[in-house]
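In listed order, ligands and their atoms are each counted from 1. Note that this is a predicted model, so its numbers are computed, not measured.
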Amino acid sequence: MDLRLGDNQYGKAEVRLVRVDRAEAGHTVTDLNVSTALAGDLDATHLTGDNSGVLPTDTQKNTVYAFARDGVGEPEEFGLRLARHFVDTTPTITRARVHLERYRWERITVDGQPAHHSFARAAGVRTATVTYDGTTAWVVSGLTDLTVMNTTGSEFHGFHRDRFTTLPEATDRILATAVTARWRHATDTANWAESFGLARGALLEAFADTHSRSLQQTLHAMGERVLRGQPDLAQIRLSLPNKHHFLVDLSPFDLDNPGEVFFAADRPYGLIEGEVIRDGAPDPGLAWW
Ligand SMILES: O=c1[nH]c(=O)c2[nH]c(=O)[nH]c2[nH]1
């Protein structure tokens, strides 16, 4: 035969799970979007329609909800529980990948007091991807949609010019981006909450205190700051859309514009992506991304 079945995986995408912990002192909300992807000996279903080795995606969804009955914990923990369960209990499945997004709900304050059971959805999403192959569990933590802006301290000049280049050299511009970052842990045990807090803080601090000559340079500084702060992190990848802010020409109205009035464009946008890797970090194999 000149054709063969290539790589494949299957699972339930975007299982929306909200868990309420009803402590007397105050409720807490865990709001997740969970996606499962299983791989293994699945030739039969593709080639002959024999589904005896297929754990239905409906069952995978049910497992997410059933496991949540005991509590969810940190996204990495919940992902590890699920991934290990699918591989360790399903004969045909040799690899499970569980991707989680956790949405933020902040407690509302009433007359200076934290509300008992009222929350407002906050910006920014925490992410985790766990991949387990029956032996090793790879854990990647991250965040997305963390929108940040520096109103000065950003330059972009000295770039290559050709006959299509019109961009003026900028010695003082707005730098804004919505950070997507994923960092890979060298181990499958960690204080996930603390590690996430440190990484998020490092990203924000590096963005704020790096005098930027390009978003590429800022990206590298952000990645470096995260890895320097946590020796157990092996690798970080960043994807940074350059949210351009163009100074509006007010001269038709006989007005100057000393860097105060901007047009915030939403597209197109520069998309700057890159990674920082620690020398000697274990090979992530298929787990990365
Ligand atoms: O920080 C930047 N990097 C670029 O590569 C680029 N290209 C561009 O047009 N503006 C910018 N800004």
* Would you check the N or O atoms of Ser214, main chain and side chain alike, for any that come under 3.5 Å of an N or O of ligand 1? => no
* To do: Answer yes when Arg102 and Glu76 have at least one side-chain N-carboxylate O distance shorter than 4.0 Å, and no when they do not.
  => no
* Considering only protein heavy atoms, which is closest to atom 1 (O) of ligand 1, and at what distance to one decimal place? -> Leu215 N, 2.7 Å
* To do: Do me a favour and list the nearest non-hydrogen protein atom to atom 8 (C) of ligand 1 with residue, atom name and distance?
  => Phe156 CE2, 3.7 Å
* Structure fact -> Atoms of ligand 1 under 4.0 Å from any heavy atom of Asn242, numbered from 1 in the order shown, are 2 (C), 11 (C), 12 (N)
* **Electrostatic pair Arg16:Asp31 at N-O distance under 4.0 angstrom** => yes
* Would one find an N or O of Leu167, backbone or side chain, under 3.5 Å from an N or O of ligand 1? -> no
* How far does OG1 of Thr63 sit from CZ of Phe86, to the nearest 0.5 angstrom? -> 4.5 Å
* Which residue owns the protein heavy atom closest to atom 12 (N) of ligand 1, what's the atom, and how far is it? -> Arg173 NH1, 3.1 Å
* Test log, rule side-chain contact (heavy atoms from CB on, under 4.5 Å), inputs Val34 and Val98 -> CA-CA 7 Å; Val34 184; Val98 181; 3.8 Å; yes
* Structure fact -> In this structure, atom 3 (N) of ligand 1 is nearest to the protein heavy atom Gln216 OE1, 2.9 Å
* To do: Would you mind listing every ring-ring contact (aromatic ring centres under 6.0 Å, His included) that reaches into residues 246-273, with sequence neighbours excluded?
  => His244-Phe246
* When you check the side-chain N and O atoms of Ser212 and Thr218, is any donor under 3.5 Å from an acceptor? -> yes
